[in-house]
Structures are given as C-alpha cells and as structure tokens.
Amino acid sequence: MFNVKEIRKDFPILKREVNGKPLVYLDNAATSQTPKQVIDVITDYYQNYNANIHRGVHALSQEATDKYEEARNKIQQHFNAAKAHEIIFTSGTTHSINIVANGFSSLIQKGDEILVSAMEHHSNIVPWQMLSERTGAVLKVIPMNQKGELQMDVYDKLLSDKTKLVFCNHISNALGTINPIEEIITKAHNVGAAVLIDGAQAAPHLVADVQKLDVDFYAISAHKVCGPTGVGMLYGKEKWLNKLPPYQGGGEMIAEVTFEKTTYANLPHKFEAGTPNICGGIAFGAALDYMNKIGFEAIANYEYELLEYATEELLKIDGLKIYGTAKNKTSVISFNIDGVHPYDIGSILDKLGIAVRTGHHCAQPIMDFYKIPGTVRASFSFYNTIEEVDVLVAGVNRAKNMLL
C-alpha cells in the first residue's frame, strides 16, 4: 500500500505554515521538496568530509571522491547508461543542453536543419536559436494541436537528410503532456539525426532507460527529483561525447597543460571543469535512492490518482478551462478562469497557504499558441494528498468569487 501519510513525515517543510495556513505545496514541476534522508546526506558531507575531489591524497579528499563517484554510478544504474563515464555532472538541465548546443557548433553547417518541438521550455529553444545564428543552420518547429499533443504527421514531413539534430522534452512542464519520444528518436535516427531529450519533467515520474530508448543525449536536474538545486546530469552516448569539444576550460578537464598546447582529459572529466558541486552530486545520488526505495511504479500510480481526481474536481468550477488535455499526461494541471488573470488567482491562493505557479512557465510559445498571457499551474507529487486537492479546489472557488 502507498502510505502517503508516512511519506510526508520525511519532508520537514510540509509541516510549516504559510500566512497562518498549513502549506499546500503544488509547485513541484518547478522544484520538488527535499526529504530528511537527503538533507542528512548534505549535512553529513559538510560536517564530516568536506574536501575537494580527485586531487588530494589525504583521507577527506579520498572519501569525498569515493562518494561523488559512487553517486555517478547510482545515476548510471538508474538510467541504465552503458558506462559510468557517459554520465556528466552539470549544474542542471540548462547547463546540460548548452554543452550539447555548444559542442555541435563545430559539427553543424550552413543549411543543416534542427528540429525542436513547439512545447519546449525556453532552455530548449534559446540554445538552438543561438546555434543556428552561429552556424547558419535552419531551425524548424514540430507543431502541436489544441490538446497539447505533437503533430507527428507533420514531424514525419519535416524530417529529411538535412536534419542533423532533434530536440524534444519527454514531458511538457507547462502542459504535462508525455511525448512519444520512442517514435521521435527512431524516426530521427532513420534520417541520421542525433536526438537530445529534455528529461527534467519526466525524471520525477518515471525512469528513462537510455539504452532501450537509444537516445543520444538525455538531461535532467536533481532538484526535480527531491535533490538539491545547482546540480544535474547530461547523459550522452560515448561516441557523441568524444566528438564534442569541451564546453569550458579550467582545472580537472585537462590531461596536460603547456603554454604551447593543452590536451584534454578523458570522459567524463573533459566536460567537468573546475570544482564541481560535490555535495550536490552526492545528494543527487541519495535522492534517487530515496525515490527508488518508494518505487517509481507506485509513485506513478498514486500521482495518476491525484491527477484524475484534481481534474474532475476543478472542471466542476464554472468558467475554468484546462490547457493540456493530452491522452498521455502526468500530474500537471494548467488552467485559467474566464475573465480572471492567472496572477490574481495565484496571489489569493498564496494567502491561503497554497503554492502554485502562475505565468508562462518559461514556455511562451505555448501561451502564444493558446493566445493567453499565462496559466495557473498546479503540479502534484507523490507526497501530496487528496485532501490538499480539496483545499486547492476550495481556494480556486474562493478566488473566483472574490475576483468576479
């Protein structure tokens, strides 16, 4: 049995009040909360073996190095990467995407085509625009329909021998749509294109097997999976990581330095210049341990129940419209009420202790598609409850009555 009451005891922040009301945290698509088990790992690092890694012969350095590389191995096993050095520690998904975009500057030529989906986060749009400006490549968009689903028939027509790169999120942060990435990857490979999947929103809800997917690059952030901010992962197939030049120069990423020439370190260190977020990397591994102990299948089933119930209850409110009604979606509900700005709803909900996200969610093209300024987004995690959904629905009703 999925015991959400016991799980909630692991999260100290869920015990606090906001504006005199019990916190109802429904902004999980932006940042998940952190359990005590992970917080304890962070505390343990700074209290007991805080030291730089890979460079010291003393005991603390060796212990920190072992823990850091152990975390890399945990991430490798979680995503089923073939080799540990295919896991690059980064500061997060945005950093991971920029490593690939920068690297392909030397592999893309004028007239080559890059495909990106219409429902991307800005971090998976801007780097490719910058790449196109640098190289003369052509950026094309895979459109979506009113349900928030990609138009795969148009994708088929966009693909050609000119296509060199395809980028798509696994799950939309603004709509909750689960994209058919298996089909996207297979069809891109059929024309010789590489594929990067932004897995930031998928990682909290499901486990991506990168070998089974045959994906070339996959990126996530630890703070979406109960870990700390400022750390993430880029998975890349060894053959591609060897082709890409380093993203940053500095310590750790070198093999030998002279004033005449520098040679670069082997993977993964080639892409890990400077002192990394050591504690963050270790805690990243601990966060995956925590979620795997609960079980991703159990998490997905419970979150689906929350999604179904919340969708049904919110749609009982007159004038409320949900954006993103794909057949396959995860526990994200973006909505508006006719005649009310989403920011006003979010502000009133905050006064009631309810944390939701309002605005364009770093996905302005989606809002432009629907011709709206933004939405109210309630995003649920495995530590949320049916009772919290009821509090949300009551809060939205109250906001509506106050504003109309």
Side-chain angles (χ1 to χ4, degrees), residues 1-11 13-15 18 21-35 147-148 170-179 199-207 223-226 287 290-317 320-337 342 345-346 349-350 352-358 361 375-399:
M1 293 291 294
F2 191 88
N3 194 334
V4 67
K5 290 185 178 179
E6 287 299 312
I7 288 171
R8 287 176 65 85
K9 293 178 182 178
D10 294 335
F11 294 84
I13 199 170
L14 299 181
K15 298 178 178 68
V18 172
K21 304 287 186 180
L23 170 65
V24 176
Y25 186 80
L26 301 177
D27 194 19
N28 297 285
T31 293
S32 61
Q33 293 302 334
T34 308
K147 291 183 177 181
H170 196 159
I171 294 176
S172 166
N173 74 304
L175 304 175
T177 303
I178 303 174
N179 286 313
Q201 293 297 324
H205 308 292
L206 55 87
V207 180
H223 70 98
K224 308 288 189 183
V225 289
C226 298
Y290 176 82
M291 295 191 70
N292 277 310
K293 187 175 181 180
I294 296 172
F296 275 82
E297 184 176 354
I299 287 171
N301 290 337
Y302 178 72
E303 289 177 341
Y304 184 73
E305 291 177 14
L306 289 176
L307 174 65
E308 289 281 281
Y309 181 73
T311 300
E312 181 180 351
E313 293 301 307
L314 284 169
L315 286 176
K316 292 177 181 178
I317 300 174
L320 187 144
K321 179 177 180 179
I322 291 176
Y323 297 88
T325 57
K327 181 179 180 181
N328 294 318
K329 66 175 292 186
T330 192
S331 50
V332 171
I333 302 178
S334 281
F335 64 91
N336 280 332
I337 293 176
I345 298 173
L349 292 178
D350 176 60
L352 301 173
I354 305 166
V356 295
R357 181 71 49 162
T358 59
H361 317 301
T375 67
V376 181
R377 184 185 69 188
S379 49
F380 306 93
S381 186
F382 60 91
Y383 43 71
N384 291 124
T385 66
I386 292 293
E387 292 77 15
E388 288 182 318
V389 174
D390 291 336
V391 173
L392 169 68
V393 173
V396 173
N397 264 314
R398 182 171 177 178

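We count residues from 1, following the sequence as given. All figures in this text were calculated on a predicted structure; none of them were measured in a lab.
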For this session: Under the side-chain contact (heavy atoms from CB on, under 4.5 Å) rule, what do Ser32 and Phe11 come out as? Steps first, then yes or no, please.
Result: CA-CA 11 Å; Ser32 61; Phe11 294 84; over 6 Å; no
Seminar exercise, completed: By salt bridge (Lys or Arg N to Asp or Glu O under 4.0 Å), Glu313 pairs with (sequence neighbours left out) Lys316
For this session: Could you tell me whether the side chain of Cys226 reaches within less than 4.5 Å of the side chain of Met291, counting heavy atoms only?
Result: yes
Exercise. Where is the tightest heavy-atom contact between Ala29 and Val332, given as atom of each residue plus distance?
Worked result: CB-CG2, 4.5 Å
Seminar exercise, completed: Those residues at least two apart in sequence (or on a different chain) that pass salt bridge (Lys or Arg N to Asp or Glu O under 4.0 Å) with Glu6 are Lys9
Exercise. Passes side-chain contact (heavy atoms from CB on, under 4.5 Å), Thr358 versus Ile345? Steps please.
Worked result: CA-CA 8 Å; Thr358 59; Ile345 298 173; 5.9 Å; no
Exercise. Can you tell me if Lys224 uses its side chain to pair, donor with acceptor, with the backbone of Ala30 under 3.5 Å?
Worked result: yes
For this session: Would you give the length of the straight line joining atom NE2 of His170 to atom CG of Asn179, rounded to the nearest 0.5 angstrom?
Result: 8.0 Å
Problem set entry | Residues that Asp27 engages under salt bridge (Lys or Arg N to Asp or Glu O under 4.0 Å), provided they are two or more places apart | Arg357, Arg377
Problem set entry | Partner set under side-chain contact (heavy atoms from CB on, under 4.5 Å) for Lys321, not counting sequence neighbours | Tyr323
For this session: Can you sort out the partners of Arg8 under side-chain hydrogen bond (donor to acceptor under 3.5 Å, both in side chains), two or more places apart, ordered by chain and number?
Result: Glu388
Seminar exercise, completed: In short, Val225 meets Ala287 closest at the heavy-atom pair O-CB, 3.3 Å
Problem set entry | Those residues that, when tested against Tyr383, pass side-chain hydrogen bond (donor to acceptor under 3.5 Å, both in side chains) (two or more places apart) | Asn28
For this session: State whether the side chain of Ser172 and the backbone N or O of Thr177 hold a donor-acceptor pair below 3.5 Å, judged by distance alone.
Result: no
Exercise. With sequence neighbours left out, what residues match Thr311 under side-chain contact (heavy atoms from CB on, under 4.5 Å)?
Worked result: Leu307, Leu315, Ile322, Ile333
Seminar exercise, completed: d(Leu175 CG, Thr325 OG1) to nearest 0.5 Å is 9.0 Å
Exercise. Taking C-beta and beyond as the side chain, do Ile171 and Leu206 meet within less than 4.5 Å on heavy atoms?
Worked result: yes
Exercise. Any side-chain heavy atom of Phe335 within less than 4.5 Å of one from Ile317?
Worked result: no
Seminar exercise, completed: OG of Ser379 to CD of Glu303, rounded to nearest 0.5 Å, is 10.0 Å
For this session: Measure the spacing between CD of Gln201 and OG1 of Thr330 and express it to the nearest 0.5 Å.
Result: 9.0 Å
Problem set entry | Set of residues satisfying side-chain hydrogen bond (donor to acceptor under 3.5 Å, both in side chains) with respect to Asp390, sequence neighbours excluded | Tyr309
For this session: For Tyr290, enumerate each residue passing the side-chain hydrogen bond (donor to acceptor under 3.5 Å, both in side chains) test, keeping only those at least two apart in sequence or located in another chain.
Result: Asp10
For this session: Please say whether more than 12 non-hydrogen atoms of neighbouring residues, nucleotides or ligands are located less than 6.0 Å from NZ in Lys293.
Result: no
For this session: For residues Val18 and Asp350, determine if any side-chain heavy atom of one lies less than 4.5 Å from a side-chain heavy atom of the other.
Result: yes
Exercise. Say you draw a straight line from CD1 of Ile7 to CG of Asn384; how long is it, rounded to the nearest 0.5 Å?
Worked result: 11.0 Å
Exercise. Partners of Phe2 by ring pair (Phe, Tyr, Trp, His ring centres under 6.0 Å), sequence neighbours excluded?
Worked result: Tyr302
Seminar exercise, completed: Heavy atoms of Asn173 and His361 approach each other most closely as ND2-O, 2.8 Å
Seminar exercise, completed: In short, Ile354 meets Val391 closest at the heavy-atom pair CD1-O, 3.6 Å
Exercise. With sequence neighbours left out, what residues match Lys5 under salt bridge (Lys or Arg N to Asp or Glu O under 4.0 Å)?
Worked result: none
Seminar exercise, completed: side chain to side chain contact (heavy atoms under 4.5 Å, CB included) test vs Leu314 passes for just one of Ile337, Asn397, Val389, Val393, namely Val393
Exercise. So, do Leu392 and Leu349 sit near enough that their side-chain heavy atoms are less than 4.5 Å apart?
Worked result: yes
Exercise. What residue pairs, at least two apart or across chains, pass salt bridge (Lys or Arg N to Asp or Glu O under 4.0 Å) with a residue in residues 324-333?
Worked result: none
